Protein chains: 2
Amino acid sequence: MRPKPEAPASSQGDAHEQWQAKDVLTRLRSDIVSSVYEPAERLKFADLRARYDVGIGTLREALSQLVSEGFVVVEVGKGFKVAPVSIKELNEITDLFLDLEKRALRSAIANGDENWETTIVALHYKLNLIESLPWEDRMARHSEWVKRHRDFHESLVAACTDTWLFRLRSMMFDQLDRYRFVTKKAPQGLGQHKFTEHRKIMDATIARDAATATALMEEHIRDTSRRVIDLL
Amino acid sequence: MRPKPEAPASSQGDAHEQWQAKDVLTRLRSDIVSSVYEPAERLKFADLRARYDVGIGTLREALSQLVSEGFVVVEVGKGFKVAPVSIKELNEITDLFLDLEKRALRSAIANGDENWETTIVALHYKLNLIESLPWEDRMARHSEWVKRHRDFHESLVAACTDTWLFRLRSMMFDQLDRYRFVTKKAPQGLGQHKFTEHRKIMDATIARDAATATALMEEHIRDTSRRVIDLL
DNA sequence: TTTAGATTTATATTCGAAAAAATGGGAAAA
DNA sequence: TTTTCCCATTTTTTCGAATATAAATCTAAA
């Protein structure tokens with residue numbers, strides 16, 4: 001597969017390692033979401049190649065996908081760069097996400113079984129392990145929090161039977177995720193109140209109270225977006 | 001750029017030719033939409049390379065984007081294949097598209113100016129040039145109809161100020177487009193009635209009658225989807 | 001000094017070769 | 001007959017070199 005003469009035969013620490021293209025895609029997206037790169041920063045192949053240790057073709061493949069997802073923009077002959085951000089766009093994304101999310105949540109509440117409930121409880125517990133930590137510790141485990149927060153939110157709508165609705169919702173969630181950390185100042189979504197908000201949303205969802213759950217979700221998301229706008 | 005020794009220096013008939021990657025993406029998507037490939041058909045690099053006359057890397061880049069767009073699915077180590085189709089998915093896409101389309105249409109009606117109106121009229125005229133033709137001629141200019149139909153529908157919502165709403169709407173329109181021709185039997189959307197439907201939708205839109213326009217749009221789209229399901 | 005053209009440098013794009021999987025088929029063992 | 005293993009073939013995945021384009025720098029004339 002890769003003509004790289006290194007790698008002493010199957011002794012990798014991380015165990016899987018069986019797909020560079022997808023791996024790079026994930027890491028690149030994660031880095032963009034975490035604001036490793038500035039919003040309109042150029043993504044040069046030479047730099048990326050050094051950072052992710054892959055060939056040009058593989059990078060190009062990953063970047064192309066990110067263009068489709070809206071994280072990266074490309075201009076013919078001038079390469080790729082991180083998509084810019086704006087308050088207007090954040091408002092669009094927030095509205096669109098909430099619309100999709102509420103529909104997905106209603107579907108999940110109508111269709112979810114016991115395994116769905118169990119997963120929610122489990123992932124909420126994991127999220128809480130970080131959220132109930134003192135400030136410094138939470139900050140230290142920032143990227144872990146991002147993942148757990150993502151997983152918890154996704155679990156709420158995981159029982160949604162509509163594939164495309166789920167897909168579009170997740171797209172918009174990723175976009176929101178980026179805005180959540182677009183500012184270098186105190187990361188949003190780590191406030192004290194989120195602690196209780198997540199619990200309330202979970203309770204209403206599992207109690208199959210769609211009206212309450214969607215209302216709480218709306219307030220939860222809008223609150224975060226408002227805070228981001230204040231710092232933008 | 002390309003180490004291809006052919007191409008006698010800037011004497012191309014089609015004039016642009018300056019972007020293989022994007023060109024291949026467009027052609028591939030167009031071929032998938034037009035059912036050149038069967039729904040679950042494998043897309044082998046050897047075949048594609050012969051058909052589109054580009055290198056493997058370029059193909060990979062295009063296919064990756066199509067994965068993000070939902071036209072192609074990929075399995076690690078087993079390559080790419082055309083996304084499958086199902087009645088369930090068509091229903092999902094129809095619902096999702098209509099929801100987005102109606103919102104975009106309302107936004108466009110609220111924000112559109114005279115140029116917007118003019119473009120709609122122009123593109124509707126162009127579409128009509130084909131739609132008012134006798135059956136055989138319409139069939140002969142099938143791919144042209146696809147493009148004009150697409151352009152007309154897009155012009156209706158072109159004045160929508162919400163970028164992401166527009167973007168997602170277009171994604172779903174493309175998906176619907178595929179289903180419209182997924183069956184080899186009489187292509188859908190070419191019926192006589194579409195002729196009048198398009199005119200009515202245009203009239204209501206330009207008259208800024210959002211309620212009527214969205215209602216007509218809903219009936220227009222649902223009618224097509226119903227016909228597709230009957231043949232699926 | 002400023003501008004226009006030419007040259008150099010930096011960067012993006014494309015390709016095919018090479019390595020790694022996966023697939024298929026046939027022989028040997030059960 | 002059925003299963004398993006091995007090997008040949010096909011196909012995918014990855015990489016870097018080769019080419020083309022854009023940006024930057026320099027030079028010379030106005």
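We name chains A, B, ... by the order of the sequence lines, and we start the count at 1 in each one. Computed from a prediction, not measured in an experiment: that's the story for all the values here.
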message: Just to verify, which of B:Phe97, B:Phe152, B:Phe166 counts as forming a ring pair (Phe, Tyr, Trp, His ring centres under 6.0 Å) with B:Phe173?
response: B:Phe97

Within this structure, what is the [atom1]-to-[atom2] distance between [X] and [N], rounded to whole angstrom?
{"X": "A:Asp47", "N": "C:dA10", "atom1": "CG", "atom2": "C1'", "value": "12 Å"}
{"X": "B:Arg60", "N": "D:dT12", "atom1": "CZ", "atom2": "P", "value": "9 Å"}
{"X": "B:Leu43", "N": "D:dT13", "atom1": "CG", "atom2": "C1'", "value": "16 Å"}
{"X": "A:Phe80", "N": "C:dA12", "atom1": "CZ", "atom2": "P", "value": "9 Å"}
{"X": "A:Leu25", "N": "D:dT13", "atom1": "CG", "atom2": "P", "value": "14 Å"}
{"X": "A:Gln20", "N": "C:dA19", "atom1": "CD", "atom2": "P", "value": "16 Å"}
{"X": "B:Phe45", "N": "C:dA22", "atom1": "CZ", "atom2": "P", "value": "15 Å"}
{"X": "A:Arg49", "N": "D:dC15", "atom1": "CZ", "atom2": "C1'", "value": "8 Å"}

Counting just side-chain N and O atoms, does [X] come under 4.0 Å of either OP1 or OP2 of [N]?
{"X": "B:Lys78", "N": "C:dA22", "result": "no"}
{"X": "A:Arg42", "N": "C:dT11", "result": "no"}
{"X": "A:Thr58", "N": "D:dC15", "result": "yes"}

query: In terms of side-chain heavy atoms of B:Lys44, which of C:dA12, D:dT12, D:dT14 is nearest?
result: D:dT12

field: Candidates C:dG16, C:dA12, C:dC15 - which lies nearest the side chain of B:Val54
entry: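 Output: C:dC15.
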
- prompt: Which word best sums up how the rings of A:Phe45 and A:Phe80 line up, parallel for under 30°, tilted for 30 to 60°, or perpendicular for over 60°?
  reply: perpendicular

- prompt: For the residue pair B:His198 and B:His149, does the interplanar ring angle fall in the parallel (under 30°), tilted (30 to 60°) or perpendicular (over 60°) class?
  reply: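 Taking B:His149 first and then B:His198, their aromatic rings sit tilted (interplane angle of 30° to 60°).
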
message: Taking the nucleotide of DNA chain C with the nearest heavy atom to each, does B:Glu61 or B:Ile56 sit closer to the 5' end?
response: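 Nearest-nucleotide comparison on DNA chain C picks B:Glu61.
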
query: So what does A:Ala46 touch, heavy atoms closer than 4.0 Å: a base, only the sugar-phosphate, or nothing?
result: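 A:Ala46: no heavy atom of the nucleic acid under 4.0 Å.
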
- request: Show your reasoning for whether side-chain hydrogen bond (donor to acceptor under 3.5 Å, both in side chains) applies to B:Ser68 and A:Gln65.
  value: CA-CA 6 Å; B:Ser68 288; A:Gln65 290 213 44; 3.1 Å; yes

message: Tell me whether A:Lys88 at atom NZ has more than 12 heavy atoms from other residues, nucleotides or ligands lying less than 6.0 Å away.
response: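 More than 12 within 6.0 Å, yes.
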
message: Assuming nearest nucleotide by heavy-atom distance, tell me which of A:Ala21 and A:Gly77 is located more 5' along DNA chain D.
response: A:Ala21

